Number of protein chains: 2
Amino acid sequence: MEELKLKNQICFPIYALSREITQLYSKHLGELDVTYPQYLVLLVLWEHATQTVNQIGEKLFLDSGTLTPLLKRMEAKELLTRTRSTADERVVEINLTEKGMNLKHTAACIPSQIFDEVGITSEEVDMLRAFTNKLFAYNTKK
Amino acid sequence: MEELKLKNQICFPIYALSREITQLYSKHLGELDVTYPQYLVLLVLWEHATQTVNQIGEKLFLDSGTLTPLLKRMEAKELLTRTRSTADERVVEINLTEKGMNLKHTAACIPSQIFDEVGITSEEVDMLRAFTNKLFAYNTKK
DNA sequence: CAAAACAATATTGTGCGCAATATAATTTTA
DNA sequence: TAAAATTATATTGCGCACAATATTGTTTTG
């Protein structure tokens, strides 16, 4: 059964590569004292001042089961604040602290460093993003 | 800082896609009662009769911290056996049980089912394969 | 307006993933 | 050949992921 051989798997390389990338980033993120998923949350918050847990989850495709404890760890590191909205008390608003905002300067060079190291073309990035969108579109409707 | 915007991230789509794949596979693997990482171990063992923990780890890029408990769970499900080698007592040899081998027939159709469902074209498979080979070749050498 | 439906976040439980360390067996080497 | 180095697996501890469920607050509806 040729289709079950590991070398013919198309999804396994993505799975393995994803973990390699997380490790690659971890080396660079060590000095910021954040993990890769925490770094992704910082990316969202550097771009959008105030975000609810839901809004972060939609952008990163993560649910509250992952985000709630992750955000609490970032709050403990004083990178962000978690505040119940007064307008709607179901909502928790996430805001960066001064410390969290300042990490942006240190982090700015990381993507280009990794981009250079790995050497991906913009065509490959576009292809990958289109492919990701296709899978997500399928999965959210079913 | 344009390079820190989420939409310009290179590695985030790979990270998101990897999780997406695991979820897609999970739906199909439910009837086999195995997880995606456990399915990858099955792929290795369907292809290579007897494997040590090390050999599986080299093929899947996983270490004993991940594999030992995972293999114990698969042993508990009676999919495989874990036996200390008599020749070298440091080594644990993994062998499929009859039950583990028989899952191959049920699993054979899964990859093509997923491609069909999501509507992945052969062009996309080729692009994706070229892309992952490129990045993975880079990442494993350094 | 009270009950039902809905929405946002939290909690629980399970299974990875991996760094760091431990343990035990084997091989190398002084 | 005894000590040192190496190898193979196991253990520990922490941080995701995610399904399932609970909790609390808001909106809808009969």
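This one's a predicted model, so the numbers in the text were calculated from it and none came from an experiment. The chains referred to below are lettered A, B, ... by the order of the sequence lines, with proteins before strands, and numbering in each begins at 1.
- One interatomic measurement links the two molecules: CG of A:Leu29 to P of D:dG15, which rounds to 15 Å at whole-angstrom precision.
- Atom OG in A:Ser64 sits 10.0 Å away from atom CG in A:Leu71 (nearest 0.5 Å).
- Residues from residues 40-55 of chain A with heavy atoms under 4.0 angstrom of DNA chain D: there are none.
- Phosphate proximity of D:dT11 to B:Lys72: present, with a side-chain N or O under 4.0 Å from OP1 or OP2.
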- prompt: Run the salt bridge (charged side-chain N to carboxylate O under 4.0 Å, His left out) check on B:Glu124 and B:Arg129 step by step: do they pass?
  reply: CA-CA 8 Å; B:Glu124 286 169 329; B:Arg129 195 186 304 280; over 6 Å; no
query: If the sugar-phosphate is the primed atoms plus P, OP1 and OP2 and the base is the rest, what is the B/S/- string for nucleotides 16-23 of chain D, using protein heavy atoms under 4.0 Å?
result: SBBB----
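- B:Arg82 and B:Glu75 are joined by a salt bridge, as a carboxylate oxygen and a charged side-chain nitrogen come within less than 4.0 angstrom of each other.
- In this structure, B:Glu2 pairs ionically with B:Lys5, as a charged nitrogen and a carboxylate oxygen lie closer than 4.0 Å.
- Separating the CD1 atom of B:Ile56 from the C1' atom of D:dA8 is a distance of 13 Å, rounded to the nearest angstrom.
- With no hydrogens or angles considered, a side-chain donor-acceptor pair links B:His28 and B:Gln113 at under 3.5 Å.
- At whole-Å resolution of the value, CD in B:Glu93 and P in D:dA8 are 13 Å apart.
- Looking at heavy atoms from C-beta onward, A:Val91 lies out of side-chain contact with A:Arg84 at the 4.5 angstrom threshold.
- The separation between B:Leu71 atom CG and C:dG15 atom C1' is 13 Å, rounded to whole Å.
- Between the CG atom in A:Leu67 and the CG atom in A:Leu60 there is a gap of 7.0 Å [rounded to 0.5 Å].
- Between the OH atom in B:Tyr39 and the CG atom in B:Leu103 there is a gap of 11.5 Å [rounded to 0.5 Å].
- Remark: the backbone N or O of B:Thr22 is paired with a side-chain donor or acceptor of B:Ser26 at under 3.5 angstrom.
- We find the CG-CG distance between A:Asn102 and A:Leu79 to be 10.5 Å, quoted to the nearest 0.5 Å.
- Against DNA chain D, the stretch residues 77-90 of chain B makes heavy-atom approaches under 4.0 Å through B:Arg82, B:Arg84, B:Arg90.
- Between B:Tyr25 atom OH and B:Glu20 atom CD the span is 13.0 Å, to the nearest 0.5 Å.
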